[in-house]
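What follows is one structure encoded as structure tokens, with my remarks underneath.
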Amino acid sequence: MPKKFWLMKTEPDVFSIDDLKNAADATDRWEGVRNYQARNFMRDQMKKGDEVLFYHSNAEPSGVVGVAVVTKEAYPDPTALDPNSKYFDEKSAQLGESRWLMVDVSFKFKFQRTVTLKAIKEHPKLNTMRVAQKGQRLSIQPVLKEEFQEVKKLGGLAKDSF
DNA sequence: GCCAACGTTGGC
DNA sequence: GCCAACGTTGGC
């Protein structure tokens with residue numbers, strides 16, 4: 001199975017690329033996905049080693065800020081069963097098991113500059129990406145290898161990359 | 001803070 | 001199984 005490429009959205013106020021970079025082992029759980037399409041992408045297609053465009057939404061500016069890699073494949077998201085979590089899910093609690101899944105991702109590198117949503121929309125090779133489509137809210141979406149490489153080129157590598 | 005888009009829920 | 005109401009996302 002060849003490596004796949006993804007875009008994953010997060011609000012930097014909640015979880016930013018710096019949070020991931022500074023996490024233990026620069027790895028964290030991608031918890032809180034509560035959308036079936038996104039969950040099914042994780043469950044059915046996302047593999048260890050797949051590369052991820054790390055996207056900041058509701059940010060100034062919104063855009064892709066770096067790259068992460070999938071380090072653990074889909075497994076149950078325990079926050080769905082935690083009444084104190086903002087990701088608590090009543091139906092999962094009734095069921096006694098989490099309906100929701102998450103993966104682990106590790107920090108790879110941060111871009112020198114954010115590849116903004118505006119730049120993506122204006123770029124002839126990138127404006128077909130799902131994230132550029134109006135009303136597209138899917139928080140985990142597949143990306144073509146060519147798109148991934150182009151975004152990476154536009155972002156450049158930061159000094160502290162590894 | 002507004003609001004369009006769109007996914008989910010629940011009544012029927 | 002339809003669809004109106006409701007909630008959430010996320011750009012602006």
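From a predicted model like this one, the values you see are computed outputs, not experimental measurements.
- Put simply, CZ on A:Arg130 is 11 Å from P on B:dC6, counting in whole angstrom units.
- Proximity of a side-chain donor or acceptor of A:Gln133 to a complementary backbone N or O of A:Arg130 within less than 3.5 Å is not detected.
- The neighbour count for A:Arg34 CZ, taken as heavy atoms of other residues, nucleotides or ligands under 6.0 Å away, is above 12.
- For the pair A:Lys72 and A:Tyr75, the distance from NZ or CZ to the six-membered ring centre is under 6.0 Å and the angle to the ring normal is within 45 degrees.
- The interatomic distance linking A:Lys91 (NZ) with C:dG7 (C1') rounds to 14 Å, in whole Å.
- Rounded to an integer number of Å, the gap from A:Lys9 NZ to B:dA5 P is 15 Å.
- Across the protein-nucleic acid pair, A:Asp89 atom CG and B:dT8 atom P stand 12 Å apart, rounded to whole Å.
- Between the P atom of C:dG10 and the CD atom of A:Glu60 lies a distance of 16 Å, rounded to the nearest Å.
- Counting only N and O atoms by type, the side chains of A:Ser106 and A:Thr71 include a donor and acceptor under 3.5 Å apart.
- Residues A:Trp6 and A:Phe54 keep their aromatic ring centres 6.0 Å or farther apart.
- Near DNA chain C, meaning a heavy atom under 4.0 Å away, the residues from residues 113-126 of chain A are A:Leu117, A:Lys121.
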Review point. Could you go step by step and tell me if A:Asn35 and A:Leu138 meet the side-chain contact (heavy atoms from CB on, under 4.5 Å) rule?
Key: CA-CA 8 Å; A:Asn35 171 282; A:Leu138 193 59; 3.3 Å; yes

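- Atom pair A:Arg34:CZ and B:dT9:C1' shows a separation of 17 Å (rounding to whole Å applied).
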Review point. Going through the distances and angles, do A:Lys125 and A:Glu147 end up as a salt bridge (charged side-chain N to carboxylate O under 4.0 Å, His left out)?
Key: CA-CA 7 Å; A:Lys125 284 186 193 160; A:Glu147 295 166 343; over 6 Å; no

Under 3.5 Å, sequence neighbours excluded: what are the donor-acceptor pairs made by side chains of residues 40-48 of chain A?
| unit_1 | atom_1 | unit_2 | atom_2 | d |
| --- | --- | --- | --- | --- |
| A:Asn40 | OD1 | A:Arg43 | NH2 | 3.3 |
| A:Asn40 | ND2 | A:Tyr36 | O | 3.3 |

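- For A:Asp13 and C:dG11, the CG to C1' distance is 15 Å, given to the nearest whole Å.
- Interface residues of residues 134-142 of chain A facing DNA chain B, ordered by number: A:Lys134, A:Gly135, A:Arg137; criterion, heavy-atom separation under 4.0 Å.
- Along DNA chain B, the nucleotide closest to A:Gln37 and the one closest to A:Asn58 are compared, and the more 5′ of them pairs with A:Asn58.
- Contact annotation: the side chain of A:His56 never approaches that of A:Val64 to less than 4.5 Å [non-hydrogen atoms, C-beta and beyond].
- Between A:His56 atom NE2 and C:dG10 atom P there is a gap of 13 Å when expressed in whole angstrom units.
- Remark: A:Tyr36 is not in phosphate contact with B:dC6, judged by side-chain N or O atoms under 4.0 Å from OP1 or OP2.
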